[in-house]
Every structure is written in C-alpha cells, then in structure tokens.
There are 2 protein chains.
Amino acid sequence: MRQAIELLYFAYRAFTAEPDAILAELGFGRAHHRVIYFVGRNPGIMVSELLALLRITKQSLARVLSQLVREGYVLQSPGPRDRRQRLLSLTPKATALERLLTERQSQRIARAFARAGDGTADGFRRVLLGLMDDEDRRRFPDPDAPRRAPR
Amino acid sequence: MRQAIELLYFAYRAFTAEPDAILAELGFGRAHHRVIYFVGRNPGIMVSELLALLRITKQSLARVLSQLVREGYVLQSPGPRDRRQRLLSLTPKATALERLLTERQSQRIARAFARAGDGTADGFRRVLLGLMDDEDRRRFPDPDAPRRAPR
DNA sequence: GATTTTATGTCAGCCATATTGACATATTGC
DNA sequence: GCAATATGTCAATATGGCTGACATAAAATC
C-alpha cells in the first residue's frame with residue numbers, strides 16, 4: 001500500500017515535468033495547461049463549467065484565463081441564447097500547443113504501457129477510475145457498461 | 001490516451017485532497033506531508049538525500065523543515081561518523097500524523113482496488129512504475145525479478 | 001598545517017497558484 | 001421592476017517553488 005502511494009507520487013511528478021518545462025518557456029504554468037487542455041477538450045465550455053471542472057475559484061482562473069485571452073490562445077464568444085455567457089475555445093495557436101503537450105504525455109504513457117506489459121493498461125485505468133471522486137468518475141464511460149452483444 | 005491523461009489528473013487530485021485537508025488544520029501543507037512521509041520511511045536520512053528525493057532546493061526545504069523541527073515533528077541529530085550531517089527522524093507526534101495520513105490514502109487505494117476488481121492492482125502498479133523517471137524507478141523492486149524457485 | 005571541499009543553514013527577493021471577501025456589470029427570467 | 005445568474009475585478013493573504021549570495025563547521029586533501 002505504501003508502495004502504491006509512492007508510485008503515484010513519482011509517476012505524477014514525471015507525468016507533469018515535461019509539459020511544465022515546455023510551458024515555462026512560453027511564460028505559462030501548469031494552470032495554463034489545465035485551461036488549454038480542458039477548453040480544447042470541451043470547446044464552447046462556459047466559464048462556470050470550467051470552474052467546476054478545475055475546482056478553483058473564479059479569481060484564480062481569471063489571472064490565467066485573461067493572460068491566455070490577451071496572448072491570443074483562448075477566444076471568448078457570447079452564448080448564442082444567453083449573452084451573459086462567455087463560451088471558451090482555443091485559437092489555432094493554442095490548439096497546436098495543446099497537441100504538442102498532449103502528444104508528449106501520451107508518448108510517456110505509451111512507453112509506460114509498453115514497459116508494463118500486455119494487459120496492464122486495463123488495470124491501470126480501472127484503478128485510477130476507482131481512485132477519483134464519485135463526481136469526477138461520472139465523466140468517464142463505465143468500463144463495465146453492457147455493450148451491444150457481439151454476434 | 002487522452003482518457004489516461006484525465007484519469008491521472010482526477011485520480012491524483014482525489015488522492016491528495018484528504019491529506020491536504022488534515023494538514024491544513026495543523027497549519028501544514030503538502031510540502032510538509034512529503035517531508036514527514038519520506039523521513040518516516042527513511043529514518044536517519046541526510047538532508048542532502050531528502051533534497052535529492054524531493055527534487056527541490058534546500059531553500060525550499062528549509063522553510064518547511066525548520067517549521068517541522070520548531071514544532072516538534074522532526075528531530076535532527078549529528079551523523080555518528082560525519083558530524084556535519086543532520087540526520088532526520090520523526091518524533092512520536094509526527095509518526096502518529098504520518099500514520100493517519102498514510103492510512104487515509106491507503107484506504108482510498110484499497111477502495112479503488114476493490115472497485116476496480118481482482119487482478120487490476122498489478123497493472124496499476126506496473127504502469128505507474130513505467131511512467132516515472134528511470135532514476136526514481138530504481139527505488140522500487142523489479143516486479144519481474146527472478147525469485148528463488150518455489151519447490 | 002594550510003587549504004579546499006562538503007554538508008548544511010540563512011537572508012533576501014521573486015514568481016506562480018491558490019485562497020477569501022467585496023463589489024461591479026450585464027443579462028435573464030419571473 | 002426586480003431578483004437571480006454569469007462573469008469580471010480589486011485587494012489582501014498563504015503556500016511552495018525558484019535564484020543568488022553568503023556563512024559555518026567539519027572533513028578531506030595537498
């Protein structure tokens with residue numbers, strides 16, 4: 001059990017190190033990464049939804065988000081039905097950055113799967129899913145969901 | 001692959017949330033947790049070894065460590081052979097705190113294993129091991145190490 | 001024995017990211 | 001018209017990183 005605790009610590013540190021280094025050269029930090037990532041995954045997301053996803057305050061988000069908007073990474077457009085909303089999306093520049101960062105992290109994960117051996121990816125995914133809060137787990141498809149019976 | 005990235009993010013956030021809350025009541029943060037944890041796991045560790053393990057600067061460690069010493073959580077004793085060293089160990093108070101924090105995290109991991117199902121723990125461990133830096137991986141026993149042949 | 005290297009500590013300042021609390025503005029919905 | 005909602009902003013504070021510079025004691029080496 002203690003081993004699992006340490007594994008998580010060292011793995012997560014390695015997992016974030018490379019993006020952090022790339023971001024630092026652009027004057028960004030990990031908080032910017034999260035915004036770019038989640039806006040990229042959820043284009044047109046509302047500010048309030050992003051806040052709920054990240055679980056930070058709007059004041060914390062503001063600094064990061066306004067910098068991203070100012071520097072041409074994130075676009076804000078009024079909601080079509082509710083004009084109070086500022087729906088967020090990435091510019092091409094940000095999309096490219098998001099791809100780069102995700103690609104690096106994906107490569108690390110792919111190497112980890114390869115090193116860990118066949119059939120380990122499922123256990124990895126299922127345990128991480130079990131680890132997170134119930135509320136967050138709902139965002140993921142149930143790995144035990146009954147599928148259309150294959151003929 | 002993107003799913004794995006998000007799983008790591010949400011799982012790690014949940015994994016650290018409960019200790020953070022307990023520590024906050026004592027006026028400590030996550031950095032204190034790391035020191036207490038690793039000193040507890042490695043009693044008699046040198047300051048320089050702890051720095052290498054945490055990969056932070058001595059100035060960063062100093063604030064946290066001196067607070068822990070001041071408040072009676074960590075003991076410093078001169079090295080028996082090299083008196084320049086300050087070998088670190090936990091007081092009973094800190095040992096109790098470390099146990100509490102580790103217990104809560106262990107419980108969360110145990111629940112995750114139970115929810116994930118039999119046979120998932122091995123994949124979880126092996127992938128995390130593959131994810132971390134080579135240097136850190138050396139701290140862990142090789143899961144493929146040949147064992148004494150069972151008769 | 002003198003000098004250099006090592007282990008550790010400390011002061012000062014800076015940066016990133018989080019917090020709480022208060023208040024402002026525009027828009028929507030009753 | 002008015003309350004609620006979505007968002008923004010100002011100010012202060014805490015945490016935990018960083019760099020650079022300097023200090024001290026002990027060990028190791030010439």
Side-chain angles (χ1 to χ4, degrees), chain A residues 9 12-13 16-17 19-39 44-71 74-89, chain B residues 9 12-13 16-17 19-39 44-71 74-89:
Chain A
Y9 171 65
Y12 196 76
R13 181 168 75 183
T16 52
D20 284 354
I22 294 171
L23 291 156
E25 294 189 8
L26 296 169
F28 295 147
R30 203 175 290 182
H32 301 84
H33 187 185
R34 288 175 188 149
V35 171
I36 288 175
Y37 182 84
F38 284 115
V39 172
I45 191 175
M46 286 167 47
V47 171
S48 57
E49 289 170 338
L50 185 56
L51 288 173
L53 192 55
L54 297 175
R55 298 210 198 146
I56 57 174
T57 59
K58 63 177 173 178
Q59 296 91 328
S60 294
L61 178 61
R63 198 174 7 92
V64 172
L65 184 57
S66 58
Q67 187 187 348
L68 289 171
V69 171
R70 206 165 47 235
E71 299 185 15
V74 171
L75 293 175
Q76 295 173 307
S77 51
R81 266 162 294 281
D82 187 339
R83 295 193 333 255
R84 288 171 304 181
Q85 298 170 350
R86 305 289 184 86
L87 306 187
L88 306 175
S89 56
Chain B
Y9 171 65
Y12 195 76
R13 180 168 76 182
T16 52
D20 285 353
I22 294 170
L23 291 155
E25 294 189 8
L26 296 168
F28 294 147
R30 201 176 292 183
H32 301 84
H33 187 185
R34 288 175 187 150
V35 170
I36 289 175
Y37 181 84
F38 284 114
V39 172
I45 191 175
M46 287 167 46
V47 171
S48 57
E49 289 170 338
L50 185 57
L51 287 174
L53 192 56
L54 297 175
R55 299 209 197 147
I56 57 173
T57 61
K58 62 177 173 176
Q59 296 92 327
S60 295
L61 178 61
R63 201 163 9 92
V64 173
L65 184 57
S66 58
Q67 186 186 350
L68 289 170
V69 170
R70 207 165 46 235
E71 300 186 15
V74 170
L75 293 175
Q76 296 172 308
S77 52
R81 266 163 295 280
D82 186 339
R83 296 193 334 255
R84 289 171 304 182
Q85 299 171 349
R86 305 286 184 87
L87 306 185
L88 305 175
S89 57

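By convention in this document, chain letters (A, B, ...) are assigned in the order of the sequence lines, proteins followed by strands, and residues within each chain are numbered from 1.
- Taking atom CG of A:Leu61 as the reference point, atom P of C:dT19 lies 10 Å away to the nearest angstrom.
- Residue-level contact check: B:Ser48 touches the backbone only, with heavy atoms under 4.0 Å from sugar-phosphate atoms and none from bases.
- Across all strands shown, B:Gln76 has heavy atoms under 4.0 Å from sugar-phosphate atoms exclusively, and none from any base.
- Taking atom CG of residue B:Leu65 and atom P of nucleotide C:dA7, one finds them 17 Å apart after rounding to whole Å.
- Closest contact between the side chain of B:Val47 and the listed nucleotides C:dG9, C:dA7, D:dT9 involves C:dG9.
- Applying the 3.5 Å distance criterion, the base of D:dG8 shares no donor-acceptor pair with the side chain of A:Gln59.
- Here the side chain of B:Ser60 is nearest to one of D:dC18, C:dA22, D:dG16, namely D:dC18.
- Nearest to the side chain of B:Thr57, among C:dT17, D:dT19, D:dG8, sits D:dT19.
- The residue among A:His32 and A:Asp82 whose nearest nucleotide of DNA chain C lies closer to the 5′ end is A:His32.
- Note that the CD atom of A:Gln76 and the CG atom of A:Leu87 stand 10.0 Å from one another [nearest 0.5 Å].
- Distance CG (A:Leu87) to P (D:dT5): 19 Å, rounded to an integer number of Å.
- In this structure, CG on A:Asp20 lies 12.0 Å from NE2 on A:His32, to the nearest 0.5 angstrom.
- Distances shorter than 4.0 Å separate some side-chain N or O of A:Arg34 from OP1 or OP2 on C:dA18.
- Contact annotation: side chain of A:Arg84 to base of D:dT5, donor-acceptor pair present below 3.5 Å.
- For B:Met46 and D:dA26, the CE to P distance is 16 Å, given to the nearest whole Å.
- The aromatic rings of B:Tyr12 and A:Tyr12 sit parallel, their planes meeting at an angle under 30°, below the 60° perpendicular limit.
- The nearest whole Å value for the distance from the NE2 atom in B:His33 to the P atom in D:dG17 is 13 Å.
- Here the CD1-CZ distance, from A:Ile45 to A:Phe38, works out to 8.5 Å after rounding to the nearest 0.5 Å.
- Here D:dT7 presents its P atom at 8 Å from CG of A:Leu51, a figure rounded to the nearest Å.
- Residue B:Arg86 has a polar side-chain atom (N or O) positioned under 4.0 Å from OP1 or OP2 of C:dG9.
- Between B:Arg83 and D:dA25 there is no side-chain polar atom (N or O) within less than 4.0 angstrom of OP1 or OP2.
- Residue contacts shown for B:Glu49 are absent, as no nucleic acid heavy atom lies under 4.0 Å away.
- Between the side chain of B:Arg30 and the backbone N or O of B:Leu23, no donor-acceptor pair lies under 3.5 Å.
- One atom, CD of A:Gln67, and another, C1' of C:dC15, lie 12 Å apart when rounded to the nearest Å.
- The CG atom of B:Leu26 sits 18 Å away from the P atom of D:dA14 (whole-angstrom rounding).
- Side-chain atoms of B:Arg63 come within donor-acceptor range of the base of D:dG17, with a qualifying N/O pair under 3.5 Å.
- From A:Glu71, atom CD reaches atom OG of A:Ser66 across 9.5 Å, with rounding to the nearest 0.5 Å.
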